[in-house]
Amino acid sequence: MSDLATDGLTAALTWAPGLDPLRAEPAWSDAMVAAAGLRAKPVTLVTVGGGLASFAVVDALRIRGVPTSEIRVVSTLLRPYENLRHLIATGQIQDRDPLRSDSASRVDNIWGFPSYAVEEAIRRFSLRPLWNVLTEPVAAEFYNPSPGQVFRGLDREADRIGWDSMLIAGRAELVRRRIEGGYFCLVHPVDHSPPYLLRSHYMHLGTGYPALEYAPELTEYRLRYQEFFNFVNAYEQHEHVYQVLQRRGGAILVRGAGITASRVLQRLIDDRDHSGQDVRILHLFHDPAEHPPGRRGSGPPAEHGWRYQAFSFPKSAGSGQLREELASLNSPDRSAMIAALSVTTTAKRRGWQRQLRRARSEGFYQAISGEIETVESSRDQRVRLAIAGRAGDGPVRLDVDFVLDCTGLSSRLRDNPLLADLIDHGGAAINALGGLDVGPHFEVRGSGDEAGRLYASGIIAQGGYLAPADSFLGFVSAALLICDDMAAQRACARLSLARSVVGWAKWLSGQAP
Ligand SMILES: Cc1cc2nc3c(=O)[nH]c(=O)nc-3n(C[C@H](O)[C@H](O)[C@H](O)COP(=O)(O)OP(=O)(O)OC[C@H]3O[C@@H](n4cnc5c(N)ncnc54)[C@H](O)[C@@H]3O)c2cc1C
């Protein structure tokens, strides 16, 4: 983190003896801040997070002519994809594997052209990627970029827009409305130097998933047995699981039905093939007959426990009929519809299908349905489980070497202290899906201020106007809407046709915006 910006803003404050009484106040005036011994230099926008959600907003603002000196990114990340890269890697997605978004959804390119497929075709001197997008999904599977492609593009765009010069290496403790207009953001630098304030007219929150989702059974198991080896979450480091199974074989229970579970199974089967060890895989699904709630019926039908869909949401939810329909609903109906649409699915890839067919026929993979009723650590260092099915028969008892839980990340806002504070003291409202209640321009409702705005995008704005809020497409759509709102208040330029064409040409030639 050493090369992050530590400019005059950080020097604005050294010690803040009066901070504690201020914390309880829902809004701060300049006089209150000064009395507390704090000073803050103003900028136009502060974004907290520094992941892809923040990056998309900053990129769109730079393209609309906002200089780097007017933007600050409060983050513990050096690169905007750092957290994604970590989660992808622990979820077993390799740099060259297909991701789960389409060719034109690019956080590093608001125009979506050239798409990833075009770029790859040029790089490889091959028509194959283009043929893929032309014939998908009928004659070919959907084209998906690889993490390597996505990260390379983000690096290039980060350099082009001067990302590093806007980064503030720190954690935002709280955001407070400024009585004179705008917001204050209290930052704790990562080097543990004293906290200081940023003051901005516009504030954006892109803090991503608040935490890893530890299943209650996993938490209880760990607390009870202090055992962290045999029962693991797929988004934490668990390489040892594969290594032990490669060395001596064994039985593993995998839980989950999303893209990570698919990729974890691929790794387990690949390793089994290479090592020749007797690895037996049990795969636990929720009852496959269970229909997701909501007015859109049952979602994709279940096959062998899985529900298949190319992307996390139907494509029309991002830019089409479904998006329009969602936008026309009131908040509770919209949340209900998004809940129905966001049932766990995975991509139907031929390679995975072939592997699982073979694994089933050779008898080393077995799908079971139900819920974990009890989980215990046995004396021989194995995990003993009781799985309750729906049929009402007695529980199925299993002894396995490992349990690998691929059921996801926590989107509970209160798991992030900054958001918990915003809800308790900043007046931010929550929608029925548990996301921050945002308006059509991703402005956080309830925290509003005529002379400034607080925006939120990414998973923390789930249940809002855009269903795929936590996706490459969602970040860019949100960023464009946020900038439109700021342009209406003259905080940045409008994206006119001329500006867009010039902006695209600069993007293409790698010139700074
Ligand atoms: C395994 C996986 C695969 C995915 N694959 C795809 C895909 O193929 N296609 C697609 O479109 N989407 C995909 N996504 C979804 C989406 O692209 C990612 O979730 C994305 O990285 C989220 O970006 P973000 O900026 O919202 O959050 P993050 O990348 O998590 O960044 C937010 C950052 O904010 C920090 N933060 C939190 N609170 C504070 C604070 N108070 N102060 C300072 N910093 C703070 C966090 O520590 C974090 O580093 C995938 C997600 C996962 C988990």
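These numbers were taken from a predicted model, which means no experiment stands behind them. Each ligand, and each atom within it, is numbered from 1 in the order the structure gives.
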Query raised in the report: Looking only at atom types and distance, does a side-chain atom of Arg176 sit under 3.5 Å from a main-chain N or O of Arg23, one as donor and one as acceptor?
Result: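 The answer is yes, because a donor-acceptor pair under 3.5 Å joins these two groups.
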Enumerate, one pair per line, all nitrogen or oxygen atoms of ligand 1 lying under 3.5 Å from a protein nitrogen or oxygen, stating the separation to 0.1 Å; write 'none' if no such pair exists.
residue, atom, partner, partner atom, Å
ligand 1, 8 (O), Arg100, N, 2.6
ligand 1, 9 (N), Ser101, OG, 3.2
ligand 1, 11 (O), Phe472, N, 2.7
ligand 1, 19 (O), Asp470, OD1, 3.0
ligand 1, 19 (O), Asp470, OD2, 3.2
ligand 1, 25 (O), Leu52, N, 2.8
ligand 1, 25 (O), Ala53, N, 2.9
ligand 1, 30 (O), Asn83, ND2, 2.8
ligand 1, 34 (O), Gly49, O, 3.4
ligand 1, 38 (N), Asn416, ND2, 3.0
ligand 1, 41 (N), Ala172, O, 2.8
ligand 1, 42 (N), Ala172, N, 2.8
ligand 1, 47 (O), Arg171, NH2, 3.3

Query raised in the report: Looking at residues at least two apart in the chain, or sitting in another chain, which of them share a side-chain hydrogen bond (donor to acceptor under 3.5 Å, both in side chains) with Arg79?
Result: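 Result, side-chain hydrogen bond (donor to acceptor under 3.5 Å, both in side chains) vs Arg79: Asp155, Asp164.
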Report task. Could you list the residues that satisfy salt bridge (charged side-chain N to carboxylate O under 4.0 Å, His left out) with Asp270, not counting sequence neighbours? Result ->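 Expected list: none.
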Considering only distance and modelled atom types, tabulate donor-acceptor pairs under 3.5 Å from the side chains of residues 206-214, sequence neighbours left out.
residue, atom, partner, partner atom, Å
Tyr209, OH, Asp470, OD2, 3.1
Glu213, OE2, Arg412, NH1, 3.4
Tyr214, OH, Glu236, OE1, 2.8

Query raised in the report: Any Lys/Arg nitrogen of Arg160 or Glu157 sitting under 4.0 Å from an Asp/Glu carboxylate oxygen of the other?
Result: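 Salt bridge present between Arg160 and Glu157.
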Report task. Could you tell me whether Asp424 and Arg414 make a salt bridge, using a distance below 4.0 angstrom between a side-chain N and a carboxylate O? Result ->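 Result for this pair is yes, salt bridge flagged.
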